[in-house]
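Following: one structure in structure tokens, then a few remarks.
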Amino acid sequence: MSGDIIIPRAGVIGWPVAHSRSPKLHGFWLRQYGIAGRYDRLPVPPEDLARFMAALPKEPGFRGINVTLPHKVAVLPFLAEIDSVARRIGAANTIVVREDGSLWGSNTDAFGFIESLKADAPAGWTAAAGPVALLGAGGAARGVIVALLDEGAPQIRVINRSREKAEALAAEFGPRLQAVAWDERAAALGGAGLLVNTTSLGMQGQPPLEIALDDLPATALVSDIVYTPLETDLLARARARGNPVVDGLGMLLHQGRPGFEAWFGRAPEVGPELRAAVLAD
Ligand code: ATR
């Protein structure tokens, strides 16, 4: 075997996975830092997930994977250990193959969300300063909720079309969450320090997000996890009335940092060139 060089590898599993931006993100960092490594798109249909997860530790060089739809919850039974953030979100998006071949899982969506706000919000902005109006109650909302609770948000108003899902989140995450009916969404913006959209509304090919912003304080930060288009209608309207805004691309870029560091041994940075490269098609 002497002479064989095994390069570190990682990738993203999903089904479908063709549209994942993660290969661009990690590929950019590998090139930027001159690391001889690989990051691949790994299409894994649900019926192959168990086989894939069993084989992963045996693949030469494989340091770990990102996990995207529809596997973020389904991978949990294959992990020997998960961190507390993954446990609270109830899903894993970053897996590391440990030295002994066992699998460790984390969820970096909460980190990615809060880091993108810290990087892109006006200086001095903090989640602890006021109530949050949060649209949506799906998987993406869970990551944002965990992030905001950990940052000290005093109140999170969970506004969702299916009220029972907002109520279930409030029951699970405790008294700082408050379920709000979808019809009450405009009034729920009163006094908020942050408005965040975690629904798919406003995404290319999806219905528009209809919400009157009149009650939102002009100082409130507005963020949208949708990044196609980069400037959603929500962000454009918020910007036009003077609110600071943070687009959804930052969350995608920052959530990739912990995985890259674990697999390739270098803490990567998020900058304007990376944003441009990941956006380019
Ligand atoms: P994700 O994992 O991206 O959060 P999801 O779990 O399917 O995806 O959640 C999608 C979110 O967008 C939900 O909050 C959903 O509301 P429901 O819980 O009522 O389904 C919201 N959503 C999707 N389409 C919507 C629409 N037309 N009007 C209002 N909310 C919508």
Side-chain angles (χ1 to χ4, degrees), residues 12-22 46 49 66-76 85-94 105-114 116 132-149 156-173 177-189 192 194-213 222-230 232-235 237 246-256:
V12 53
I13 65 165
W15 188 257
V17 76
H19 294 107
S20 171
R21 308 260 179 159
S22 290
L49 184 65
N66 281 129
V67 183
T68 188
L69 299 179
H71 301 316
K72 286 185 176 196
V73 178
V75 292
L76 294 178
V85 175
R87 189 171 304 111
R88 288 157 74 211
I89 296 176
N93 73 346
T94 301
S106 174
N107 193 315
T108 64
D109 283 341
F111 172 84
F113 177 70
I114 213 69
S116 79
V132 176
L134 182 146
L135 299 164
R142 297 181 68 89
V144 169
I145 286 168
V146 167
L148 292 171
L149 286 174
I156 303 176
R157 303 167 185 162
V158 183
I159 306 158
N160 198 52
R161 174 180 61 179
S162 314
R163 171 108 194 228
E164 66 279 5
K165 280 167 73 180
E167 275 163 3
L169 287 177
E172 181 178 346
F173 287 102
L177 271 68
Q178 202 178 69
V180 177
W182 189 247
D183 287 348
E184 307 295 320
R185 62 193 180 281
L189 305 184
L194 169 67
L195 166 61
V196 50
N197 174 44
T198 73
T199 74
S200 45
L201 297 174
M203 191 185 293
Q204 245 158 44
Q206 298 293 318
L209 170 55
E210 288 167 4
I211 181 167
L213 299 179
V222 178
S223 103
D224 199 330
I225 68 163
V226 170
Y227 59 86
T228 53
L230 194 56
T232 60
D233 174 64
L234 172 68
L235 295 184
R237 287 192 294 125
V246 173
D247 68 49
L249 184 62
M251 178 175 178
L252 169 76
L253 304 180
H254 287 278
Q255 67 74 34

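The structure displayed is predicted, hence computed values, not measured ones. Start at 1 with the first residue, then count along the sequence. Just follow the structure's listing: the first ligand is 1, and inside any ligand the first atom is 1.
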Open item on the list: Between V146 and F173, is the side chain to side chain contact (heavy atoms under 4.5 Å, CB included) condition met? List the steps.
Closed with: CA-CA 8 Å; V146 167; F173 287 102; 3.8 Å; yes
Task: Residue pair G90 / V73: nearest heavy atoms and the distance that separates them - done: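 Looking at all heavy atoms of both residues, the closest pair is O-CG2, 3.6 Å.
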Task: Student check: side-chain heavy atoms of S116 and V246 closer than 4.5 Å - done: yes
Task: From CG (L134) to CG (N160), nearest 0.5 Å - done: 9.0 Å
Open item on the list: With a 4.0 Å heavy-atom cut-off, what residues sit around ligand 1?
Closed with: G136, A137, G138, G139, A140, N160, R161, S162, K165, W182, T199, S200, L201
TODO: Applying salt bridge (charged side-chain N to carboxylate O under 4.0 Å, His left out) between E172 and each of R142, K165, R88, report the one that passes.
DONE: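 So, applying the salt bridge (charged side-chain N to carboxylate O under 4.0 Å, His left out) to E172 and each of R142, K165, R88, only R142 qualifies.
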TODO: For the pair D109 (side chain) and G143 (backbone), establish whether a donor and an acceptor sit closer than 3.5 Å, ignoring hydrogens and angles.
DONE: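 No, the answer is negative, given that no donor and acceptor are paired below the 3.5 Å cut-off.
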